[in-house]
Amino acid sequence: MADRPDSAAGQGSNKPSLSLHVPEPHYRPGDAVDFSHVDSGEAGREPRPDEACDPAEMRDLAYGLIRVLGDDDLAHGAWDPKLDADTLRTMLKNMAVTRAFDERMFRGQRQGKTSFYMKCTGEEATSISASMALASDDMVFPSYRQQGILLSRGYPMIEMINQIYSNRGDKLKGRQLPIMYSSREHSFFTISGNLATQTPQAVGWAMASAIKGDSRIAATWVGEGSTAEGDFHAACTFAAVYNAPVILNVVNNQWAISSFSGFAGGERTTFAARGLGHGIAALRVDGNDALACYAAERWAANRARANAGPTLIEFFTYRAEGHSTSDDPSGYRSAQEREEWPLGDPVMRLKRHLIALGEWDEERQEEMDREAAEMVRATTKEAEANGILGHGLHHPFRTMFEDVFEELPWHLKEQAEQAVKEREIKFPEGLPK
């Protein structure tokens, strides 16, 4: 009869005891910060392979860091996209508007005008610069921190604010959480609060585009924490097997709410390396370098259009603010981290690059910021006329039961009648003003 294992190591056994590793962030509140362990490398160091190359040939690019902007604020190396000054200024303006929008909506939440908001401060290049490298009709499947894509694509800001306030101007009729926008006209798929669900949706859409012989590709954004979800790996499998024309953008901002990236596997390897395991081309990019973000996304888009397959891009960045208005990062990370982050701020780096080229100056930057803040303020005031949280200015009650069935089924008719009766009982004199 086989020997039974001992009930516990050390009790009559010379077998070594097992131990469980629990990831710990480098710094906690009150700690001094030293990011010397972050190997940012040199701008222009990484080679730029042919867009149709075999993923196995680009293994090192999943472990290095593609950078274009150097410490001298100039562009270096083979990944320099060589954008003209007008394009760079447009990129900078899109970032300035997005940052001003975030600031105004954050204050609105603190004033009780909406229940929830999420800023993308410090991560603007991962969405704005990257999306500008795509065609305007390429389908994007975003997470909840890519508001810059909509603003860059010309989506009316007032529609975004109406949605955040869930007021009578909200085209989604209050059926989505604030910030979960949707626009078919701008090729912007509906944002979902369920993490990573957009990744298999993006792959499926890309597969359908290829089946139809269309020319449009898909791109999706997901946080590094969400790469631990099964949906993400299912998406990678289908993308690799069917050579789907899709880009999987992983925004590694170091934190998934209060859990640092080690809990998603960031201690063991890079998130870009997850692409290699699936046989997908993989790039690891300085997510605070607007030029590098643009260049990597354009490379991946060209690869997809050439039927050379999908690409996984890890944007290595830092979430400068809290996860959301419900989060207080001072409770789990050092207050010094934002200032000490070695890759700086994407907006400031792009501004300094334009100044170094002689195409910009501090005075024009200040004017741009003022204009962006005033535009957001005026648009917010216009949207607030449609209502804010708790003010009763919302879509008619009946719309809760509309837009799903052509003919309302009997059980929903019963629910609607019951809801109306309960409302009349609760408010016999009508809704409070």
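When reading the values below, keep in mind they use all heavy atoms of this one structure, side chains included, and skip hydrogens, waters and symmetry mates. Since we're looking at a predicted model, the values are computed, not measured.
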Item to check | Chi angles and distances behind the ring pair (Phe, Tyr, Trp, His ring centres under 6.0 Å) call for His278, Phe238 | outcome: CA-CA 10 Å; His278 287 281; Phe238 274 79; over 10 Å; no

Next on the checklist: salt bridge (charged side-chain N to carboxylate O under 4.0 Å, His left out), that's the test. Do Arg89 and Glu359 meet it? Break it down for me.
Outcome noted: CA-CA 9 Å; Arg89 280 189 287 264; Glu359 296 287 351; 3.1 Å; yes

Item to check | Derivation of the side-chain contact (heavy atoms from CB on, under 4.5 Å) call for Thr399 and His394 | outcome: CA-CA 10 Å; Thr399 62; His394 47 67; over 6 Å; no

Checklist entry - Run the ring pair (Phe, Tyr, Trp, His ring centres under 6.0 Å) check on Trp255 and Tyr332 step by step: do they pass? => result CA-CA 10 Å; Trp255 293 93; Tyr332 55 82; 5.2 Å; yes

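Between the side chains of His21 and Glu267, at least one donor N or O sits under 3.5 Å from an acceptor N or O. Remark: the Thr227 side chain and the Arg274 side chain contain an N/O donor-acceptor pair separated by less than 3.5 Å. Between the side chains of Gln365 and Asp369, at least one donor N or O lies within less than 3.5 Å of an accepting N or O. Side chains of Glu314 and Asn252: a donor-acceptor N/O pair is present below 3.5 angstrom, by distance only. Side-chain atoms of Asn162 and Asp170 form no donor-acceptor pair, as typed in the model, at a separation below 3.5 Å. Between the side chains of Asp102 and Gln147, at least one donor N or O lies within less than 3.5 Å of an accepting N or O. With 3.5 Å as the limit, one finds no donor-acceptor pair spanning the side chains of Arg168 and His391. Counting only N and O atoms by type, the side chains of Thr87 and Asp84 include a donor and acceptor under 3.5 Å apart.
Of all the heavy atoms in Ala219 and Asn249, the pair that sits closest is CB-ND2, 4.1 Å. Minimum heavy-atom separation, Arg110 to Thr325: NH1-O, 3.0 Å. Between Asn288 and Tyr318, the shortest heavy-atom contact is OD1-N, 4.2 Å. Across every non-hydrogen atom of Trp205 and Ala218, the tightest pair is CE3-CB, 3.7 Å. Across all their heavy atoms, Ala272 and Arg284 have their closest contact at CB-CB, 4.0 Å. Residues Thr114 and Pro178 share a closest heavy-atom pair of OG1-CG, 3.7 Å.
The neighbour count for Glu42 CD, taken as heavy atoms of other residues, nucleotides or ligands under 6.0 Å away, does not exceed 12. Annotation: Asp403, atom CG; neighbour count of heavy atoms from other residues, nucleotides and ligands within 6.0 Å is above 12. Counting non-hydrogen atoms of neighbouring residues, nucleotides and ligands closer than 6.0 angstrom, the NZ atom of Lys93 reaches no more than 12 such neighbours. Within a 6.0 Å radius of CZ in Phe263, more than 12 heavy atoms belonging to other residues, nucleotides or ligands are found.
The CD atom of Glu46 sits 11.5 Å away from the CG atom of Asp286 when rounded to the nearest 0.5 Å. Residue Lys171 holds its NZ atom at 10.5 Å from NE2 of His395, rounded to the nearest 0.5 Å.
Aromatic ring pairs are classed by plane angle as parallel below 30°, tilted from 30° to 60° and perpendicular above 60°; the pair Trp79 and Trp299 is tilted. Between Trp341 and Phe316, the ring planes are tilted. Angles from 30° to 60° get that label.
Using a 4.0 Å cut-off between a side-chain N of Lys or Arg and a carboxylate O of Asp or Glu, Arg352 and Asp345 do not qualify as a salt bridge. Looking at Asp327 and Arg319, a side-chain N of the basic residue comes within less than 4.0 Å of a carboxylate O on the acidic one, giving a salt bridge. Using a 4.0 Å cut-off between charged side-chain N and carboxylate O, Lys113 and Glu384 make a salt bridge.
The salt bridge (Lys or Arg N to Asp or Glu O under 4.0 Å) pairs that include a residue from residues 292-309 are Asp138-Arg305, where partners are two or more places apart or lie in different chains.
Taking the six-membered ring for Trp and the full ring otherwise, Tyr144 and His323 have centroids separated by under 6.0 Å. For Phe189 and Phe141, the gap between ring centers is short of 6.0 Å.
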